[in-house]
Amino acid sequence: MTRVPVAEGIFTWPADEPQLIGSRCADCGIITFPTQDSCPRCASTDMDSHLLARRGWLWAWTTQEFPPPSPPYTGPGADAFGPFGVGYVELDGDVKVETRITEADPEALDIGMEMELVLLPFRTDDDGNEVVTFAFRPVG
């Protein structure tokens, strides 16, 4: 089965150690994720591609206990759905990334714990490809 990214330009692909791809404003230095054509702080259009750190800290989280509305959700339906964590991971103090979290057990997650980027299967597309997305998992 061929593996394909959930979307082009979200993370480096293929890569042994993938990184999320964000933007950095050349004028004011703000970092954004996902990439943006203009700066949300100063409105500059001088944005450069910026690879984000692979590790960060859990800033906030909750669990997704039921399939989100479709569309826009394209993952497993109610028959194959399993709960998962969602939250924000802060990367190098630069940016907070809204993300899926590999852990859904509240006893296994703590605000401030170290997290690392991973790629994981999301669904199978109409061509039989395994679509992968990014998530963060606890380190250790």
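Heavy-atom basis, side chains included; hydrogens, waters and symmetry copies ignored. Values in this document were obtained by computation on a predicted structure and should not be read as measured data.
- Not one N or O on the side chain of D92 forms a donor-acceptor pair closer than 3.5 Å with the backbone of D94.
- Summarising the geometry, atom CG belonging to L119 is positioned 8.0 Å from atom OG1 belonging to T133; distances are rounded to the nearest 0.5 Å.
- One N or O on the side chain of S23 and one on the backbone of Q36 form a donor-acceptor pair closer than 3.5 Å.
- Residues in residues 90-109 take part in no ring pair (Phe, Tyr, Trp, His ring centres under 6.0 Å) pair, two or more places apart or across chains.
- In D110, the CG atom is crowded: over 12 heavy atoms of neighbouring residues, nucleotides or ligands sit closer than 6.0 Å.
- Applying the 6.0 Å contact sphere to CD of E98 captures no more than 12 heavy atoms from other residues, nucleotides or ligands.
- Residues meeting the salt bridge (charged side-chain N to carboxylate O under 4.0 Å, His left out) test with E90, sequence neighbours left out: none.
- Paired with W13 under the rule side-chain contact (heavy atoms from CB on, under 4.5 Å), one option of V132, V6, V4 passes, and it is V132.
- Under a hydrophobic clustering in which Ile, Leu, Val, Met, Phe, Trp and Tyr are joined whenever their side-chain heavy atoms come within less than 4.5 Å, directly or via other members, W59 and V86 fall into different clusters.
- Residue C28 comes nearest to C42 through the heavy atom pair SG-SG, 3.9 Å, listed as atom of the first residue, atom of the second, then distance.
- For the pair D105 (side chain) and E107 (backbone), a donor-acceptor distance under 3.5 Å is present.
- Considering only heavy atoms from C-beta on, V131 stays 4.5 Å or farther from T124 through its side chain.
- Between the side chain of T63 and the main chain of E65, no donor-acceptor pair closer than 3.5 Å is present.
- Closest heavy-atom contact between S38 and T45: CB-CG2, 4.1 Å.
- Listed by chain and number, the residues in a side chain to side chain donor-acceptor pair (under 3.5 Å) with E116 are R55, R137 (sequence neighbours excluded).
- Here the closest heavy-atom approach between residue D46 and residue S44 is recorded as N-OG, 2.9 Å.
- In this structure T62 satisfies the side chain to side chain donor-acceptor pair (under 3.5 Å) test with no other residue, sequence neighbours excluded.
- Through ILVMFWY side-chain contacts below 4.5 Å, F66 is grouped with nothing and stands alone.
- Counting heavy atoms of neighbouring residues, nucleotides and ligands inside a 6.0 Å radius, atom CZ of F84 exceeds 12 of them.
- Distance CZ/R24 to CG/L51: 11.0 Å, rounded to 0.5 Å.
- Here the straight-line distance linking atom CD1 of I21 with atom CD of Q19 works out to 9.0 Å at 0.5 Å rounding.
- Distance check: T99 OG1 to M115 CE gives 7.5 Å after rounding to the nearest 0.5 Å.
- When all heavy atoms of A135 and L120 are compared, the pair lying nearest together is CB-CD2, 3.3 Å.
- Put simply, the side chain of I101 reaches to within 4.5 Å of the side chain of L58, judged on heavy atoms.
- No side-chain heavy atom of M113 sits less than 4.5 Å from a side-chain heavy atom of I111.
- To the nearest 0.5 Å, atom CZ of residue F122 and atom CD of residue E130 are 12.0 Å apart.
- Note: F11 and F33 fail the aromatic proximity criterion, with ring centroids not under 6.0 Å apart.
- Nearest heavy atom pair, residue R100 against residue F134, reads CB-O, 4.1 Å.
- Scored by the side chain to side chain donor-acceptor pair (under 3.5 Å) test, R54 finds no partners at all (sequence neighbours excluded).
- Between C39 atom SG and I31 atom CD1 the span is 11.0 Å, to the nearest 0.5 Å.
- Side-chain atoms of F81 and Q64, non-hydrogen and from C-beta on, do get closer than 4.5 Å to each other.
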Apply the test side-chain contact (heavy atoms from CB on, under 4.5 Å) to residues T102 and V118: give CA-CA distance (whole Å), side-chain angles for both, the deciding distance (0.1 Å), then the verdict.
CA-CA 9 Å; T102 61; V118 294; 3.8 Å; yes
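- A pairwise comparison of heavy atoms in M47 and D37 identifies CG-O, 3.6 Å as the closest pair.
- Residues V97 and L91 have side chains in contact (heavy-atom distance under 4.5 Å, counting atoms from C-beta outward).
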